[in-house]
Amino acid sequence: MTPIQSAIDTVPRQPLRCIGTFPVQNGNEDYPLSWDDWECDVAWAMRFLNSRNIGKGDFAVLVSTGHEAPWYGPLLDAASLLKATICPLEPARFESMRAKMFFTRFPISAVIGLDQELCAAIEQSMSLKQALGAVRSILVRPNAFKSMQVAELHAEVMAPIGPALGLPCAADPRVLHLNEAEWEVAAGADGLVMKARTERALGNDPIHIATAVEWLADSRCSCVHGHIALRLK
Ligand SMILES: [Zn+2]
């Protein structure tokens, strides 16, 4: 324990770790996360990172921005707990030179959350193939998947799906799984309906999510992340 930790422990915590927002069918919904919600999401992210052997000795580029904390924050914490070295970037063009610095100076072995805007900037500054050619594990946002294909790079897709984080199936890089211990998912008449299974700060009301997702009902996945298989439309 560091000296600062004991001081931190004396300060009473607010009940919420953070508040985000996600699109639903009739607008946006506030997304409060308690500290317990967060820890639970970190544990699930750790399980995923372990499955991709991301941990000590890895230099991991994590592309996210502040308001995405409910989805990307647990991944960041999980990578830190696993003692990976984080190289943080934001999903924006202005990050192109910092991205170039990371990819040039460090042996980056994992990239998480790369989006199309930063992808295009990297392609312009040093080429995607040169930046990512030696990276062991590439997880991109859906809008960057095409660029990966064009550059002939193997990448997997990740995406927030309503309040949950969709992480790629080990068997199919375009199939997403959610943490099924936390989220109940049902196919509604006009899209996916989700509900927290546990006592999350968000509550347990059904959520009619706005993300266009296809439920692959016939999929019988045997990878460790989940049984429900989803694909973004
Ligand atoms: Zn799977």
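Counting from 1, the numbers follow the sequence of the chain as shown.
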Side chains of L202 and I207: does their closest heavy-atom pair fall under 4.5 Å?
-> yes
Under a single-linkage rule joining Ile, Leu, Val, Met, Phe, Trp and Tyr whose side-chain heavy atoms are separated by less than 4.5 Å, which residues share a cluster with I8?
-> I4
Quick one: list whatever passes side-chain contact (heavy atoms from CB on, under 4.5 Å) with N204, sequence neighbours left out.
-> A196, E199
Given side chains that start at C-beta, do those of S137 and I54 come closer than 4.5 Å, heavy atoms only?
-> yes
Between G113 and Y72 the two heavy atoms that sit nearest each other are CA-CE2, 3.9 Å
dist Q116:CD -> R93:CZ (nearest 0.5 Å) comes out at 9.5 Å
CA sep, side-chain torsions, deciding dist, call: L128, S147, side chain to side chain contact (heavy atoms under 4.5 Å, CB included) = CA-CA 9 Å; L128 281 171; S147 292; 4.1 Å; yes
Would you find a donor on one side and an acceptor on the other, under 3.5 Å apart, between the side chain of D41 and the backbone of P70?
-> no
Enumerate donor-acceptor pairs with a distance under 3.5 Å from any side-chain N or O in residues 14-29 to protein atoms, sequence neighbours excluded.
| from | atom 1 | to | atom 2 | distance (Å) |
| --- | --- | --- | --- | --- |
| T21 | OG1 | E29 | O | 3.2 |
| Q25 | NE2 | D190 | O | 2.8 |
| Q25 | NE2 | I209 | O | 3.2 |

Residues that A78 engages under side-chain contact (heavy atoms from CB on, under 4.5 Å), provided they are two or more places apart = V42, A45, M46, L49
Atom CE in M97, atom CD1 in I122: separation rounded to 0.5 Å?
-> 11.5 Å
State, to 0.1 Å, how close E117 and P91 come at their nearest heavy-atom pair, and which atoms those are.
-> OE1-O, 4.2 Å
What residues form a salt bridge (charged side-chain N to carboxylate O under 4.0 Å, His left out) with E214, not counting sequence neighbours?
-> R231
With the side chain counted from C-beta on, respond yes when D58 and T85 share a heavy-atom pair under 4.5 Å apart, and no when they do not.
-> no
With the side chain counted from C-beta on, respond yes when T211 and L192 share a heavy-atom pair under 4.5 Å apart, and no when they do not.
-> no
Check: E180 and H227 side chains under 4.5 Å, non-hydrogen atoms | yes
For the pair L62 and L89, evaluate side chain to side chain contact (heavy atoms under 4.5 Å, CB included) and give the outcome as yes or no after the intermediate values.
-> CA-CA 6 Å; L62 205 134; L89 290 173; over 6 Å; no
Quick one: pull up CG in L139 and CE in M148 and give me the separation to the nearest 0.5 Å.
-> 11.0 Å
List for me each residue that meets salt bridge (charged side-chain N to carboxylate O under 4.0 Å, His left out) alongside E39, sequence neighbours excluded, and say none if there are none.
-> none
Which heavy atom of L114 sits nearest a heavy atom of V111, and at what distance?
-> CB-CG1, 3.9 Å
Under 3.5 Å, side chain of S127 to main-chain N/O of E123, donor-acceptor pair present?
-> no
After noting the C-alpha distance and the side-chain angles of F103 and L132, does the key distance pass the side chain to side chain contact (heavy atoms under 4.5 Å, CB included) rule?
-> CA-CA 8 Å; F103 286 113; L132 303 173; 3.6 Å; yes
Would you check if P142 and K233 make a side-chain contact, meaning some heavy-atom pair closer than 4.5 Å?
-> no
Identify each donor-acceptor pair in which a side-chain atom of residues 150-160 lies under 3.5 Å from a protein atom, sequence neighbours left out, and give them as a table.
| from | atom 1 | to | atom 2 | distance (Å) |
| --- | --- | --- | --- | --- |
| E156 | OE1 | R52 | NE | 3.0 |
| E156 | OE2 | R52 | NE | 3.4 |
| E156 | OE2 | R52 | NH2 | 2.8 |

Under the salt bridge (charged side-chain N to carboxylate O under 4.0 Å, His left out) test, residues paired with E182 that sit two or more places apart = R200
Is the cationic atom of R197 (NZ for Lys, CZ for Arg) positioned less than 6.0 Å from the six-membered ring centroid of W183 and within 45 degrees of its normal?
-> no
To the nearest 0.5 angstrom, please state how far the CG atom of N179 sits from the CZ atom of R47.
-> 6.0 Å
Looking only at non-hydrogen atoms, find the nearest pair between A144 and V140 and report the distance.
-> CB-CB, 4.0 Å
Under 3.5 Å donor-acceptor, E68 side chain and T65 backbone = yes
side-chain contact (heavy atoms from CB on, under 4.5 Å) partners of P107, counting only residues at least two apart = F59
Partners meeting salt bridge (charged side-chain N to carboxylate O under 4.0 Å, His left out) with R98 (sequence neighbours left out) | E95
Considering residues at least two apart in sequence or located in another chain, which fulfil the side-chain contact (heavy atoms from CB on, under 4.5 Å) criterion with N53?
-> R136
Which heavy-atom pair separates D37 from A201 by the least distance, and what is that distance?
-> OD2-N, 3.0 Å
If you measure only the distance, is there a donor-acceptor pair under 3.5 Å linking the side chains of W38 and D77?
-> yes
Does a sphere of radius 6.0 Å around NZ in K129 hold more than 12 heavy atoms from other residues, nucleotides or ligands, not counting ones at 6.0 Å or beyond?
-> yes
Show me, pair by pair, the donor-acceptor contacts under 3.5 angstrom made by side chains of residues 161-178, not counting sequence neighbours?
| from | atom 1 | to | atom 2 | distance (Å) |
| --- | --- | --- | --- | --- |
| D172 | OD1 | R174 | N | 3.0 |
| H177 | ND1 | I228 | O | 2.8 |

Heavy atoms of S80 and I86 approach each other most closely as OG-CG1, 3.9 Å
From D115 CG over to E90 CD, what is the distance, rounded to the nearest 0.5 angstrom?
-> 10.5 Å
